[in-house]
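Working notes, beginning with the structure itself.
Chain letters run A, B, ... following the sequence lines, proteins first, then strands; residues in each count from 1.
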Amino acid sequence: MNIFADIRTSVIETLDALVAEGRLPSGLSWGAVAVEPPRDPAHGDMATNAAMVLAKPADKAPRDIAVELAERLTSDPRIATAEVAGPGFINIRLVPEVWHDVVAEAIDAGRSFGHSGLGAGVKVNIEYVSANPTGPLHVGHTRGAVFGDALAALLEFAGYDVTREYYINDGGAQVDVLARSAYERYREANGLSPEIAEGLYPGDYLVPVGEALKVKYGDRLLNLPEGEWLTEVRDFATDAMMELIREDLATLGVKMDHFFSEKSLYGTGRIEAAIAELKKRGLIYKGTLEPPKGKVPEDWEPREQTLFKSTEHGDDVDRPIMKSDGAWTYFAPDIAYHWDKIARGFDELIDVFGADHGGYVKRMNAAVSALSDGRVPVDIKLTQLVKLYKNGEPFKMSKRAGTFITLRDVVEEVGADVTRFVMLTRKNDAPLDFDFAKVTEQSKDNPVFYVQYAHARVRSVMRRAETMHLDWSDNARLEDEAEFTVAKKIAEWPRLIEIAARNHEPHRVAFYLYELASDFHALWNKGNDNSALRFVQEGNPQATAAKIALPRAVAVVIANGLRILGVTPVEEMR
RNA sequence: GGCCCCGUAGCUCAGAGGAUAGAGCGACCGCCUCCUAAGCGGUAGGUCGAUGGUUCGACUCCAUCCGGGGCCGCCA
């Protein structure tokens, strides 16, 4: 139940009735008619703009429509008052029973409260993380992992059929570099001193890989020319890195449905097939690009390449898919990969990239648009930088010195729950400050704590109520303003889910939970002054049952929200 | 030079085209005999970067400009 959608339906039925009676002209569109919570609670529980958006097409004064509409709306038993205000708003107040019903429904529906038919089984593929398999995941990947995972859960909650996917970049030159780096560690394991040349990966994490290579191959690969060991070492090292990455993701609670290998596209005709699709549409040609303006590379010279006419689908320049030497560019397997997703029947695609990949958005959009003839929308979400701090001091990282902070460092330091919540306290495209000290602080300054604390408070009173052997009725008795404030916030949950899902913005869930927790803490505190508002009424099981329904509903919503974010709701604070 | 993101209170940030633009921090003033004060209430603080445009209505959409960041031929 989404009370805002329900009342909107009522508004529209009323409008239809007005049309049927000739009070409004026929043929009007209700698309712009909205029923929303007002900014100022003094304006009521919800407001509709119907009269204003219909005034012009209906050729009537907004207030005339509003007066007529408002008068009829009150015949809806849920609507207590409907008043015309301002330029033509209709401010609606609902009867108290509605809010009691919301509380009962939240408790009754439990984990499914807020589920939406929005997705209606639409198949969505969400690709995230997709880090090169050349080492452990670092902080930047962590944000992408958390964001993608929360978005996936959010869409599932909203009724979408979601596939979580990771694209393994195991087809390019970087995995050869990985192989050479691992080979040096293999030599080291054999008692030789490794030569980590400039450009190789120096990290310690390859030491065990070298040792494992020794276990598998003994000394047989020593003193062989690179051509004879490269493939085997590369595959071995890549598998080891993917195993490492899977473990890293597991510590965060991220589990992919599907890993897709770039390598599987090469030599199998799959790239060729995807390019053939573009060729079929007349979007492949041979040509020479202009040099990039502004920053001209020293060694630039015009070369003829095979190009994708991405400008036909909104890109700024056409993009090379094959180099002048006949090898595919990195973009070619990307096209093939996305063609594969389309061929697998996904209705919508989402890619989560780091902000440094912003330059690829237009070309990927163009590729998907071309390959699906505009049928499959692709939304590319960029996650901005994470700046690390400790007690307000910037945390210096140096890749060269190998002192970069890994995902595992972060999770071990503050825990997966805190990591996930904090990463979602900013919009994906806003930079994020992550202070190791502050995120674990137990105070209201810390949103993770604040929301968890609200949940723990509810569980605490529920444990107390257990001892009273009361009848756990879903029927709340709401009396105080603060109680209605909380119930009304709960009523917004289903609507919030739809907005967040539609915009692909899981951070909205985190912000909402903070607001709900705030309303709840306020109510709790009111119980300090006014014992009638306490959830546990000593020696009175009936009164307690009636008062404890509301916090129970709060806990349901907080738990559902936290689960979407991938955070475990806690039973008590420790 | 081009493209993308950002610009909202002193600071960090929310804000489906709606009414008098919000929250937290910081500052100031209050609230524990009472389910966790790990909390709550109040006060102060704003030309929503600028100028035009669309609209009944613009922080929101469009254009131009200013400021900050990122990316920019065959690299991955």
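In plain terms, the two heavy atoms of A/Asp170 and A/Lys263 that are nearest each other are OD1-N, 2.6 Å.
At the heavy-atom level, A/Ala32 lies nowhere under 4.0 Å from the strands shown. Counting non-hydrogen atoms under 4.0 angstrom, A/Arg464 reaches the backbone sugars and phosphates but no base. Among the protein residues, A/Pro431 comes within range of the sugar-phosphate backbone only, with heavy atoms under 4.0 Å from sugar or phosphate atoms but none that close to a base. Note on A/Tyr360: a base of the nucleic acid sits closer than 4.0 angstrom, heavy atoms only. If you check every strand for non-hydrogen atoms under 4.0 Å, A/Arg457 touches sugar and phosphate atoms only. Using a 4.0 Å heavy-atom cutoff across all strands shown, A/Arg426 reaches sugar-phosphate atoms only and no base atom. Within 4.0 Å (heavy atoms only), A/Asp356 reaches sugar-phosphate atoms of the nucleic acid but no base atom. Within the 4.0 angstrom heavy-atom criterion, base atoms lie near A/Asn91. Across all strands, A/Asp445 comes closer than 4.0 Å only to sugar-phosphate atoms, never to a base (heavy-atom distances). Nucleic acid contact class of A/Val177 (heavy atoms, under 4.0 Å, all strands): none. Looking at heavy-atom distances under 4.0 Å, A/Ile499 makes contact with a base. When heavy atoms are screened at a 4.0 angstrom cut-off, A/Tyr450 is found touching the sugar-phosphate backbone but no base atom. Within the 4.0 angstrom heavy-atom criterion, no nucleotide atom of any strand lies near A/Val361. Heavy atoms of A/Ser324 sit under 4.0 angstrom from at least one base atom.
Residue A/Lys427 has a polar side-chain atom (N or O) positioned under 4.0 Å from OP1 or OP2 of B/G15. Between A/Arg534 and the phosphate of B/C35, there is no side-chain N or O to OP1/OP2 separation shorter than 4.0 Å. Contact check, A/His455 against B/U36: no side-chain N or O comes under 4.0 Å of OP1 or OP2. Side-chain nitrogen and oxygen atoms of A/Lys526 include none within less than 4.0 Å of the OP1 or OP2 phosphate oxygen of B/C40. Side-chain N/O atoms of A/Trp524 include one lying less than 4.0 angstrom from OP1 or OP2 on B/A37. Side-chain N/O atoms of A/Lys438 include none lying less than 4.0 angstrom from OP1 or OP2 on B/U12. Put simply, A/Lys444 has a side-chain N or O that comes within less than 4.0 Å of OP1 or OP2 on B/C25.
Looking at the side chain of A/Arg39, the nearest of the listed nucleotides B/A14, B/G73, B/G22 is B/G22. Comparing atom distances between the A/Phe449 side chain and each of B/C56, B/C75, B/G39 picks out B/G39 as nearest. In the set B/C6, B/C35, B/A14, the nucleotide with an atom closest to the side chain of A/Ala430 is B/A14. Set against B/C4, B/G18, B/G39, the side chain of A/Val53 has B/G18 as its closest nucleotide. Among the nucleotides B/C74, B/A19, B/A38, the one closest to the side chain of A/Ala47 is B/A19. With B/G39, B/G73, B/G24 as the choices, the nucleotide that has an atom nearest any side-chain atom of A/Arg303 turns out to be B/G73. Residue A/Ser460 has its side chain nearest to B/U36 when only B/U36, B/G18, B/A19 are considered.
As rounded to the nearest Å, B/C4 and B/A23 have C1' atoms that lie 29 Å from one another. For B/A50 and B/A9, the P atoms lie 11 Å apart once the distance is rounded to whole Å. Comparing the P positions of B/C13 and B/G7 gives an interatomic distance of 10 Å, to the nearest angstrom. Here, B/C5 and B/A44 have their C1' atoms 34 Å apart, quoted to the whole Å. Taking the P atom of each, B/A27 and B/A37 are spaced 23 Å apart, rounded to whole Å. To the nearest whole angstrom, the two P atoms, one in B/C29 and one in B/G67, are 42 Å apart. Annotation: B/A14 and B/C66 have their P atoms spaced 26 Å apart (nearest Å). The separation of B/G10 from B/A21, taken at their P atoms, amounts to 16 Å, rounded to a whole angstrom.
Geometric assessment of A/Lys438 against the ring of A/Tyr389 yields a negative cation-pi assignment under the 6.0 Å and 45° thresholds. Judged by the 6.0 Å and 45° rule, A/Arg495 forms a cation-pi pair with A/Phe4.
Put simply, NZ on A/Lys323 and CZ on A/Arg303 are 11.0 Å apart, with the number rounded to the nearest 0.5 Å.
Between the side chain of A/Ser518 and the main chain of A/Tyr514, no donor-acceptor pair closer than 3.5 Å is present. A distance-only check finds a donor-acceptor pair linking the side chain of A/Asn446 to the backbone of A/Val439 [under 3.5 Å]. For the pair A/Asn91 (side chain) and A/Gly44 (backbone), a donor-acceptor distance under 3.5 Å is absent.
Atom CG of A/Asp325 has more than 12 neighbouring heavy atoms from other residues, nucleotides or ligands inside a 6.0 Å radius.
Distance A/Leu307 CG to B/G73 P: 14 Å, rounded to the nearest Å.
In this structure, B/C32 is classed as syn because its glycosidic torsion stays within 90° of zero.
Remark: the A/Glu304 side chain and the A/Thr288 side chain contain no N/O donor-acceptor pair separated by less than 3.5 Å. Judged purely by distance below 3.5 Å, without hydrogens or angles, the side chains of A/Asp318 and A/Thr311 pair a donor atom with an acceptor atom.
With salt bridges taken as basic N to acidic carboxylate O contacts below 4.0 Å, none links A/Glu466 and A/Arg463.
The side-chain ring of A/His43 is stacked on the base of B/A19, judged by centre separation under 5.5 angstrom and plane angle under 30 degrees. Between the side-chain ring of A/Phe89 and the base of B/A19, a stacking contact exists by the 5.5 Å and 30° definition.
Take the nearest nucleotide of RNA chain B for A/Glu262 and for A/Asp316: the residue whose nucleotide is more 5' is A/Asp316. Sequence order on RNA chain B of the closest nucleotides to A/Ala522 and A/Asp40 puts A/Asp40 first from the 5' end.
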Here RNA chain B, pairs taken as Watson-Crick or G-U under 3.5 Å and shown with ( ), [ ] when crossing and | when to another strand, reads (((((((..((((....[...)))).(((((.......))))).....(((((..]....))))))))))))....
